[in-house]
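All heavy atoms count here, side chains included; hydrogens, waters and symmetry mates do not. Throughout, protein chains are lettered first and strands after them, A, B, ... in sequence-line order, and every chain is numbered starting at 1.
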There are 2 protein chains.
Amino acid sequence: MSTQLNLYEHLANELGALIHSRVLAPGERLPSIRHLAQQKRLSISTVMQALRLMEDRGLIDAKPQAGYYVRHRARMLAVMTDAEQMAEPAFVGINNLLMRVLKANEDKSIVQLGSAWPPDELLPVKRMQKTVASTARRDPGLLSRVSCYDTNEPEFLRQISRRALDWGQLDPNEIVVTGSCTEAISLCLRAVAKPGDTIAIESATYFVLLQLIESLGMKALEIPTHPKTGPSIDAIEVALNAKLIQACLFVPNANNPLGCIMPEENKKRLADLLTQHNVPLIEDDIYGDLCFTPERPWPVKAYDSSGNVLLCSSFSKAVSPAARVGYVVAGRFAQEVALLKMVSSGATSHFFQAVLADFLNCSSYENQVRKMRRVLAQRIARMSDAVCASFPQDCSVSEPQGGFVLWVQMPAQVDALALHDSAIGQGVAFMPGQLFSASGKYRNYLRLNCGNPWGPEVESAVSKLGELVHRQLDQPGGATPVQSGGIALKQVSGIHLSS
Amino acid sequence: MSTQLNLYEHLANELGALIHSRVLAPGERLPSIRHLAQQKRLSISTVMQALRLMEDRGLIDAKPQAGYYVRHRARMLAVMTDAEQMAEPAFVGINNLLMRVLKANEDKSIVQLGSAWPPDELLPVKRMQKTVASTARRDPGLLSRVSCYDTNEPEFLRQISRRALDWGQLDPNEIVVTGSCTEAISLCLRAVAKPGDTIAIESATYFVLLQLIESLGMKALEIPTHPKTGPSIDAIEVALNAKLIQACLFVPNANNPLGCIMPEENKKRLADLLTQHNVPLIEDDIYGDLCFTPERPWPVKAYDSSGNVLLCSSFSKAVSPAARVGYVVAGRFAQEVALLKMVSSGATSHFFQAVLADFLNCSSYENQVRKMRRVLAQRIARMSDAVCASFPQDCSVSEPQGGFVLWVQMPAQVDALALHDSAIGQGVAFMPGQLFSASGKYRNYLRLNCGNPWGPEVESAVSKLGELVHRQLDQPGGATPVQSGGIALKQVSGIHLSS
């Protein structure tokens, strides 16, 4: 046994040295177990033991069915799950800032690392062209018919229900078809809460969710959110017990911007808490089908026994953002949401419901999301490596488990908004961290869209960003960067409630 | 001169007798002036004098470039323009009632005289099929590309601006593209007012506008509305001076359900008042292109010098309700409306913007609306005649100047909702009057959709409705019908502020 032990420790140390000297670069795939065993003349089980040790040492990550990868140097955002540190509920005020950032993002000549749209080249555009033409030919009524009220395209509803069979059974009467996932969430918020009410959100969270809360005159309570496991259930429980919140609005599968997925046991505990307190959760599952986990994670809705979960999604990230069709499975709020939908915007395109149903009704959709998952995981890894290579050592990046954005933490004295304005000047757009908090947090964070195909243009854009961060830190006014390492990271992490 | 006078009086009396004996039926066209002159051996000017006299006596109506028509017996709703009689601002509460009515309306086996959708057979479906296919072929990017923020299809914006050139010049930066006219109005309401604010509306008005106000927690102030000339400007001025209202929401061109058009001088006076008080008007112009007047009436926006008018419309009534594209020219609120649009539902289908632009960019659209105006005016006349023939004598009907609905006033003791429930039992749907008021008015009114092609099915449906009204009046519990005639009509008109 002791010889065996030495053998695998020896291998682990040897490979570790290669990583430290960057012969094996961050994000790079290790040779296969079989290959290592042959090369080093060791048994398969010895190699596996070595790799497990390296994993424990934080040097590599196992990716299911894909092998082992060199972990990024600054690999994970610091963790905050302490409910004591929650801020007070606050009205949101990001709209003006956001409009300024988005206007800059619209410039076509700029490298778009800002808005998180799926890249055209990954979408099934040719297939959509055919389906649009054939649908128009087959059913002209879809170009005149409309129902403002109850009915939608039955085949579209059937496809949504069919896809949900993996985790449960949907009551078709609970489904309200909307013009987008955003519209679904907007209607849900209006159905479950009123102006002045407080909505629990993840911290950080997607700026459009903050904007929605702002535009409806509601307040946001930021729940401490672990960059791997999502919102702290303990913190949610504290908020529920104190009757601080009237509803939750979470992105449990591949949160934007963190990319984290709530573990199934957390989802179950959350669903039970909601039932117990009779408080609704609006669940944004738009990235659910684009998670990199071996199994498609379930929504919290799967554990909902009381109709308190309103599951919102669309096919805009994986099939076509242009279809403008989303939906919500609205639980006990179905009737109110349906009424608000009718009142606020009327019917949703039956034509594109039929087009999507056609696409969902075969293996095309499964193939499409499989392809996207594979490509997006690769592009995130490339982006992550590039950030680690260009940005100061004491930056850290998220490890997204789905979607296509990367969340980057910079030293505390960096101002992402100032960085943004310089970057726009140099032809690079990104989303500054300030947009992802209701309470002014994440001043030293930024979000990068990793959807674009990797190439010299993107590579140079990331490198420019890195230089700009260095330059901000080197400025006479800029404080000395906080030293790298776990402790420094914790100090500047997203857990602080003001900054 | 006296002989001349006798001659034309004689002719007027002769024709009048034919009308009273129903040899000339309500809605029927009189022989042409030339024909009458030849037949009676009178001069053209004598015949014209006779017809003018008959017009003064309320027996016939001149329709520009179409000749003279026998007036309907009970032809016009009584008038109310007295500002003194305005009710207090009131929260709206029609949603539950409406859902019940709409559910009944969805039954396909029922004759649909309820919801006001344009009939398929009048819409350019074939043309849309072709354009959809060619657009998908020509620009695949429209099936993937999307911009949540600022940009829309430039050609669509250009077409909207081009069509507005008839009455003024639009600033393209004022245009916000939305998923429907309803969504445009909803966003405008949220941009210009907050919960608890009071919105001036026409009385009667379209139930979706009431619902919007209800769903946003705002109050409605019903402005007395003349069935021919629309809302009383005097009443609006009273409300503005008393600072009772924070905004107006009117349908100045072919109000739904009355079909009235505000005279241009009223529009100008209204625009001036709004400027003076800096109060916004949300203008629903969705029926503007479907008015039966020789010239397309201008919107109030044409007279707006202060950016207080937010002009909302779509092509859903004249081209395709299925396109799900509307817009608002939002004046000084453009930025707020654009932000709310982005937040509440994201982008609007670029694909259908392009399809509509293609349709608008040639004579097709003009031909289409010309055809619809002609056919809809005929169908309204048929419906009006059928109502006059089947309903009790002391009913009256509106004289719509556009759109495709007819508003029917029944004796005071008729309950339109009870009537609705019996009618659904007999396979006929309509909209009960209760839905068109924020304050419980119009209990004895109903709205009929006249868009459907005339035929035995519709004819029998109207006849059934008439029978049901008679039956309600004959019931032991039912009071004796109010006697017909001008005075009775005034007593039961839409002017009363509680009923």
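Between chain A and the options Val319(B), Val343(B), Ile185(B), Leu142(B), the largest number of non-hydrogen pairs under 4.5 Å is found for Val343(B). For the set Ser134(B), Ala133(B), Pro140(B), the count of heavy-atom pairs under 4.5 angstrom toward chain A peaks at Pro140(B). Ranking Cys181(B), Ser349(B), Gly179(B) against chain A, the residue ahead of the rest is Ser349(B), based on heavy-atom pairs under 4.5 Å. Interface summary for chain B: among Arg190(A), Glu214(A), Glu336(A), Glu183(A), the most heavy-atom pairs under 4.5 angstrom belong to Glu183(A). Chosen from Ala323(B), Ser320(B), Gly217(B), the residue pairing most often with chain A at heavy-atom distances under 4.5 Å is Ser320(B). For the set Pro124(B), Ser316(B), Ala184(B), Ser215(B), the entry with the most heavy-atom pairs within less than 4.5 Å of chain A is Ser215(B).
Between Ser344(A) and Ser186(B), the shortest heavy-atom distance links the atoms O-CB, 3.5 Å. The two residues Val132(A) and Leu143(B) make their nearest non-hydrogen contact at CG2-CD2, 3.9 Å. The heavy-atom pair separating Ser144(B) from Pro321(A) by the smallest distance is O-CG, 3.1 Å. Between Gln129(B) and Ala136(A), the shortest heavy-atom distance links the atoms NE2-O, 2.7 Å.
In this structure the side chain of Gln211(B) reaches within 4.5 angstrom of the side chain of Met342(A), judged on heavy atoms. Between Thr348(A) and Arg324(B) there is no side-chain heavy-atom pair separated by less than 4.5 Å. Here the side chains of Ser345(A) and Thr182(B) are not in contact, with every heavy-atom distance at 4.5 Å or above.
Of the two parts of Leu123(A), only the side chain, counted from C-beta on, holds a non-hydrogen atom closer than 4.5 Å to a non-hydrogen atom of chain B. Residue Leu212(B) touches chain A through both its backbone and its side chain, counting heavy-atom pairs closer than 4.5 Å. At a 4.5 Å heavy-atom cutoff, the contact between Leu339(A) and chain B is made by backbone and side-chain atoms alike. Within the 4.5 angstrom heavy-atom criterion, no atom of Leu189(A) approaches chain B. Looking at Pro195(B), the atoms closer than 4.5 Å to chain A (heavy atoms on both sides) all sit in the side chain, from C-beta outward. Neither the backbone nor the side chain of Leu187(B) comes within less than 4.5 Å of any heavy atom in chain A.
A perpendicular orientation is assigned to the rings of Phe351(A) and Phe352(B), their planes being inclined by more than 60° (bins at 30° and 60°).
A search for salt bridge (Lys or Arg N to Asp or Glu O under 4.0 Å) contacts involving Asp285(A) returns Arg296(A), not counting sequence neighbours.
Atom CD of Gln246(B) sits in a crowded spot, with more than 12 heavy atoms from other residues, nucleotides or ligands closer than 6.0 Å. Taking a 6.0 Å sphere around NZ of Lys371(B), one finds it holds more than 12 heavy atoms contributed by other residues, nucleotides or ligands.
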